[in-house]
Structures are given as structure tokens and as C-alpha cells.
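Written out below as C-alpha cells is the structure these notes cover.
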4 protein chains.
Amino acid sequence: MINIDPRSSQPIYEQIIFQIKENIMKGIMMPGDQLPSIRKLSSMILANPNTISKAYQELERTGVTETIRGKGTFIREDYKIGADDEKMEEIREVLKNIIVEMHYMGLSKEEMNKELEKIYDELEGE
Amino acid sequence: MINIDPRSSQPIYEQIIFQIKENIMKGIMMPGDQLPSIRKLSSMILANPNTISKAYQELERTGVTETIRGKGTFIREDYKIGADDEKMEEIREVLKNIIVEMHYMGLSKEEMNKELEKIYDELEGE
Amino acid sequence: MINIDPRSSQPIYEQIIFQIKENIMKGIMMPGDQLPSIRKLSSMILANPNTISKAYQELERTGVTETIRGKGTFIREDYKIGADDEKMEEIREVLKNIIVEMHYMGLSKEEMNKELEKIYDELEGE
Amino acid sequence: MINIDPRSSQPIYEQIIFQIKENIMKGIMMPGDQLPSIRKLSSMILANPNTISKAYQELERTGVTETIRGKGTFIREDYKIGADDEKMEEIREVLKNIIVEMHYMGLSKEEMNKELEKIYDELEGE
DNA sequence: GTGGTCTAGACCACC
DNA sequence: GTGGTCTAGACCACG
């Protein structure tokens with residue numbers, strides 16, 4: 001369920017965070033589900049436990065998961081956060097970057113929308 | 001024309017690269033135009049000349065600009081490159097990340113498309 | 001394995017790039033091998049870490065090496081890229097220059113071919 | 001007869017030197033022929049007279065041309081120099097670089113020899 | 001004037 | 001430990 005590419009320029013801990021969010025969006029992980037323990041995930045993806053720990057801390061900090069003492073880490077029932085203006089602004093910045101890059105690749109607005117829909121459906125459709 | 005946020009996690013040289021591409025897309029900079037000299041831009045945005053140089057070299061390497069010895073750096077007449085499969089795959093990865101993040105913020109597919117169009121029009125419309 | 005001539009007109013970072021490619025061709029460095037760390041090579045050849053870094057980044061950009069976060073820089077398993085028309089044209093230009101220079105030194109076509117074979121065998125033969 | 005590419009990374013003065021040597025090799029320019037005056041060449045190729053001057057000085061220094069006071073600059077009758085060990089070593093270095101690059105493009109020794117012969121014949125054949 | 005290279009030395013993120 | 005980014009300031013080649 002979690003695939004890490006150590007060659008990627010995206011930090012491993014971010015890859016973990018993102019893939020957990022992706023799994024939630026795809027319905028593979030559901031609210032209430034337990035995440036693998038740090039040790040277990042660490043041996044599964046051959047990563048340093050500190051790296052997993054950092055990812056889990058970040059997930060908890062942003063309200064995706066919650067940790068229950070002695071039980072483990074779980075997807076929160078109310079994992080979806082509302083509009084966070086600051087975060088939304090960040091996302092818009094990245095989106096702007098991406099749009100400029102796609103424009104530079106020769107894509108029209110319509111083609112960009114198609115790309116977005118295609119990726120969205122791949123995520124939601126499962 | 002170029003605004004740098006030194007507190008951003010995005011490296012300064014990348015901000016420069018991106019903003020120059022953005023300016024080209026907006027029509028603020030045109031093929032044939034000369035970029036500010038390294039020293040001039042360096043004093044304009046209060047960054048080190050080496051940092052500007054790195055950005056300019058990357059722009060040249062990716063075919064956006066060309067350097068004429070002793071004259072300066074210019075937007076290439078044929079600055080737009082075609083589709084590059086590897087690059088496109090990278091872009092899709094980032095777009096996927098963004099979509100998951102937007103989904104997490106509670107946006108529907110339609111809202112995402114609207115967001116994309118809004119940003120696109122801000123870029124193209126000027 | 002890497003010898004730098006600081007008095008050469010060829011930039012140090014280019015000498016590094018070239019010698020690593022040379023070492024690969026000679027079989028001294030093999031796909032999968034780790035390059036010396038920036039700091040280590042820096043102290044070995046008495047050059048600034050930034051200079052090494054520039055060479056390593058160029059090697060990565062051209063597909064000779066890959067960087068694994070926190071681990072180091074490695075020769076790629078699939079390091080050899082195919083023909084690139086633009087690059088080949090550049091090479092022909094330089095070769096033309098060299099031929100004119102050799103002609104100017106009084107070498108015949110046959111002597112040039114012998115020269116080429118001699119150097120080639122020194123590279124391949126080890 | 002002389003074509004300058006101001007975009008090239010090769011300095012303009014070197015392009016001039018090389019093209020004059022190329023013209024001699026091709027038989028377009030012959031020993032005894034007069035080179036265009038600095039002013040004339042300067043306006044022909046739209047380059048700074050200082051640049052032309054630098055090229056002419058270098059040509060004279062290396063024994064390709066000679067200047068006759070009040071008359072102009074001429075191709076020397078004995079323009080071909082004998083073996084200069086230092087220069088030959090330099091040439092070998094560049095040739096080695098080129099061979100590594102061609103190897104990296106996937107060319108065999110035979111293909112390299114063919115390339116060399118092809119370029120040589122283009123130069124000599126005219 | 002232009003850009004290109006290099007050093008010295010610092011700070012950071014990641015693993 | 002690894003590489004990535006940045007600053008400060010120097011020197012050089014080129015036109």
C-alpha cells in the first residue's frame with residue numbers, strides 16, 4: 001500500500017504522508033483504521049524509524065491521525081479539515097507553478113482540466 | 001517584476017526561474033527581451049549574484065533563454081519546448097499531490113477545475 | 001583516481017565530470033558504485049566543496065549518476081544515454097576543430113585515425 | 001567565407017582563427033593571400049574591431065600569418081608548423097575528451113573513425 | 001559592461 | 001553522515 005522511491009527528490013517522510021492521504025482518498029484506508037506501527041512500517045519500506053516517526057508526527061499535527069496511548073495511531077473520524085486560508089494560499093502557489101509548467105509544455109487550459117479530471121478520477125474511482 | 005520571498009521554502013533561484021517563466025506567459029517579457037543583468041537583478045532583489053547566476057544558467061539549460069557573450073541574457077525567440085514525457089510524468093506526480101491536498105481541504109472536482117481556470121486566466125489574461 | 005590540474009584552462013568542475021566519465025569507460029568505476037562524498041573529494045583534490053557539488057549536479061542532470069537522499073551519489077545502472085542529435089552536432093563541431101588543428105600540425109588522415117585508435121585503446125583496454 | 005555565431009560558447013576571436021585555418025585547409029585561402037583588413041572584417045561580421053585584432057594577433061603569434069607594414073596581413077608561405085610537443089599534448093587531451101563523449105553517445109571505435117574521415121574529407125575535398 | 005568560475009565558510013534538511 | 005542552498009567577495013575572459 002505504501003511505496004517509497006528513495007531516488008525521488010521528494011523526502012521519504014513526505015512520500016509517506018502523501019501516500020497515506022492518497023489511500024484515504026481512494027478509500028483504501030478508512031477513518032478509524034489503524035496505521036502500521038513505526039517499527040512495522042519501517043521494516044516494510046526499509047526506511048529509518050526516525051523517518052516514519054517524523055511522518056506520523058506531521059500527520060497527527062495536521063489532524064489526519066490521532067494517537068491513542070498504548071494502542072497505536074489511527075485515522076481520525078473527522079480527518080477532513082475545513083478551509084485553512086494560509087494552507088489554501090500555499091496550494092494556489094504550487095498550482096500556479098504547475099500551470100506555468102504545463103503551459104510551457106504546450107498544454108491548453110482545456111487539456112489541463114482534462115489532466116486534472118483524469119488524475120482525480122483515478123484517485124476517487126477506486 | 002520579480003518578487004522574492006526569502007522566507008519561502010522554495011529556493012530563491014527556483015523562485016527566479018518560475019517568475020521569469022510566469023512573466024513570459026503573462027506577456028510581460030517577450031522573446032528577444034533582455035533579462036536584467038546578474039548584478040542588476042542581484043541588487044534589485046537583494047540576493048547574491050551567484051544565486052541569480054544559478055537561476056540564469058538553469059533557464060539557459062532548459063532552453064528558455066540564451067546568453068550572448070559580453071552582451072547579456074535574452075528570452076529565446078523559440079523558447080517553447082514541446083512535450084517531454086519524463087517531465088510530464090513529474091508534473092503529473094505534483095498535480096496528484098496537489099489534488100489530494102485540495103481534496104483534503106474539502107474541494108470537489110468542480111471546485112478544483114474552477115480554481116485551475118481562475119489561476120490560468122490570471123496568468124493568460126494580462 | 002581523479003587528478004585535477006588547477007592551472008588548466010578547463011574548469012575544475014569540468015575536469016571532474018570528464019574524469020568520472022573516463023573512469024566509467026575504463027571500468028574503474030562501475031554502475032552502482034558510490035562516488036566519493038563531496039567533502040571527501042573536496043579534501044582529496046583540494047578544491048572547494050561547491051565546485052565538486054557543481055560537477056556532481058551536472059553529472060546527475062545528464063543521467064550519469066543519481067543521488068539518494070542522505071546516502072550519497074552513485075553511478076546509475078542505466079548510465080548510458082542514446083544519441084542526442086543536438087549533442088552529436090556539438091561533438092562534430094569540436095571534432096572539426098581538432099582535425100583542422102591536427103592538419104595544421106602536419107598530420108595526415110591516417111595518422112589522425114591512428115592517434116584516435118591509440119587513445120581509444122588506452123581508454124577501453126584497461 | 002567567415003561566419004560568426006555570437007550565440008556560440010566558443011569566443012568570437014577563436015571562431016575567426018579557426019575559420020581562417022579551415023579556409024586554408026579547404027584551399028579557399030592560399031599562402032600569400034591577403035586577409036581582409038580589420039575594419040573590413042569587423043563590418044562584415046559585425047564584430048568589435050578589438051575582437052578581430054585579437055584573432056589576427058593570435059594568428060601571427062602562431063605563425064599562420066605575417067603582417068607587412070603598410071600592406072596588410074597575409075597567409076604565410078610556410079604556414080604549416082612542425083610538431084610542437086606541448087601543443088600536440090593539448091590536442092590529445094581534447095581528443096580524449098571527445099572520444100569519451102562519443103563513447104558515451106554509444107559510438108564504437110569504428111564509428112568514430114568513420115566520423116573523423118567524413119569530417120576530414122569534407123574539409124580536404126573542396 | 002557582460003557572464004563564468006572559484007574559494008571560504010555558513011546553515012539547513014534529510015536519513 | 002549525506003547533499004542543497006546561500007552569502008560575501010574575488011578574479012577572469014570576452015566584447
Side-chain angles (χ1 to χ4, degrees), chain A residues 4 6-16 42 45-55 58, chain B residues 4 6 8-16 34-42 45-60 65-74, chain C residues 4 6 8-16 34-42 45-60 65-74, chain D residues 4 6 8-16 42 45-55:
Chain A
I4 297 304
R7 288 166 171 75
S8 166
S9 64
Q10 192 180 30
I12 292 174
Y13 83 95
E14 277 186 16
Q15 292 183 48
I16 296 169
S42 158
I45 62 177
L46 302 175
N48 191 305
N50 292 328
T51 306
I52 317 287
S53 178
K54 183 166 181 181
E58 180 74 6
Chain B
I4 297 304
S8 166
S9 65
Q10 191 181 29
I12 293 173
Y13 82 94
E14 278 187 13
Q15 293 183 46
I16 296 170
Q34 183 171 3
L35 266 53
S37 82
I38 289 182
R39 288 162 178 83
K40 196 174 164 197
L41 185 53
S42 156
I45 64 178
L46 302 175
N48 190 284
N50 286 327
T51 305
I52 319 288
S53 180
K54 186 170 182 179
Y56 278 20
Q57 281 179 33
E58 171 83 6
L59 283 166
E60 172 146 33
T65 61
E66 62 190 348
T67 297
I68 300 180
R69 334 181 36 75
K71 290 271 165 58
T73 301
F74 301 82
Chain C
I4 295 305
S8 166
S9 66
Q10 192 181 29
I12 294 173
Y13 82 94
E14 278 186 14
Q15 293 184 45
I16 296 170
Q34 184 172 3
L35 266 54
S37 82
I38 289 181
R39 287 163 179 84
K40 197 173 164 199
L41 185 53
S42 156
I45 64 178
L46 303 176
N48 190 285
N50 286 327
T51 305
I52 319 288
S53 180
K54 186 170 182 179
Y56 279 19
Q57 281 180 34
E58 172 82 5
L59 282 166
E60 172 146 34
T65 61
E66 62 189 349
T67 297
I68 300 178
R69 335 183 37 75
K71 291 269 167 57
T73 302
F74 301 82
Chain D
I4 296 304
S8 168
S9 64
Q10 191 180 30
I12 291 174
Y13 83 95
E14 278 186 15
Q15 292 184 47
I16 296 170
S42 155
I45 63 176
L46 302 174
N48 192 306
N50 292 327
T51 305
I52 317 287
S53 178
K54 183 166 183 180

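Here is how names work: the chains are called A, B, and so on, in the same order as the sequence lines, proteins then strands, and each is numbered from 1.
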Compare the minimum distances between each of [options] and the side chain of [X], then state the nucleotide with the smallest one.
| X | options | result |
| --- | --- | --- |
| A:Asn48 | E:dT5, F:dG3, E:dC15 | E:dC15 |
| C:Pro11 | E:dC15, F:dC14, E:dC6 | E:dC6 |
| C:Lys71 | E:dG3, E:dC15, F:dT5 | E:dC15 |
| B:Tyr13 | F:dC6, E:dC14, F:dG15 | F:dC6 |
| B:Arg69 | F:dC14, F:dT7, F:dG3 | F:dC14 |

Could you check how far [atom1] of [X] sits from [atom2] of [N], rounded to whole Å?
| X | N | atom1 | atom2 | value |
| --- | --- | --- | --- | --- |
| B:Ile68 | F:dA13 | CD1 | C1' | 17 Å |
| B:Ile12 | F:dC6 | CD1 | P | 5 Å |
| B:Leu41 | E:dT2 | CG | C1' | 14 Å |
| B:Gln34 | E:dG3 | CD | C1' | 11 Å |
| C:Gln57 | F:dG3 | CD | C1' | 8 Å |
| D:Ile52 | F:dG15 | CD1 | C1' | 11 Å |
| B:Ile16 | F:dC6 | CD1 | P | 8 Å |
| D:Asn50 | F:dG15 | CG | P | 11 Å |

Closer than 4.0 Å, any side-chain N/O of [X] to the OP1 or OP2 of [N]?
| X | N | result |
| --- | --- | --- |
| C:Ser37 | F:dT2 | yes |
| C:Tyr56 | F:dG3 | no |
| D:Lys54 | F:dG15 | no |
| C:Thr51 | E:dT5 | no |

Quiz item: What residues, two or more places apart in sequence or in another chain, satisfy side chain to side chain donor-acceptor pair (under 3.5 Å) together with B:Ser37?
Solution: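 Not a single residue meets the side chain to side chain donor-acceptor pair (under 3.5 Å) criterion with B:Ser37.
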Quiz item: Hey, what bend do you get for the helix from E:dG1-F:dC14 to E:dC14-F:dG1 if you fit axes on five pairs at each end, rounded to 10°?
Solution: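 Comparing the axis at each end, I get an angle of 20°.
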Quiz item: Which residue lies toward the 5' end of DNA chain E, A:Glu14 or B:Thr67, if each is placed at its nearest nucleotide?
Solution: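 The residue closer to the strand's 5' end, by nearest nucleotide, is B:Thr67.
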Quiz item: Starting at the 5' end of DNA chain E and moving along, which residue's nearest nucleotide shows up first, B:Ile38 or C:Ala47?
Solution: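 Per heavy-atom nearest nucleotide, the more 5' residue is B:Ile38.
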Quiz item: Any N or O donor-acceptor pair linking the side chain of B:Arg39 to the base of E:dG3 at under 3.5 Å?
Solution: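 Side chain to base: pair found, below 3.5 Å.
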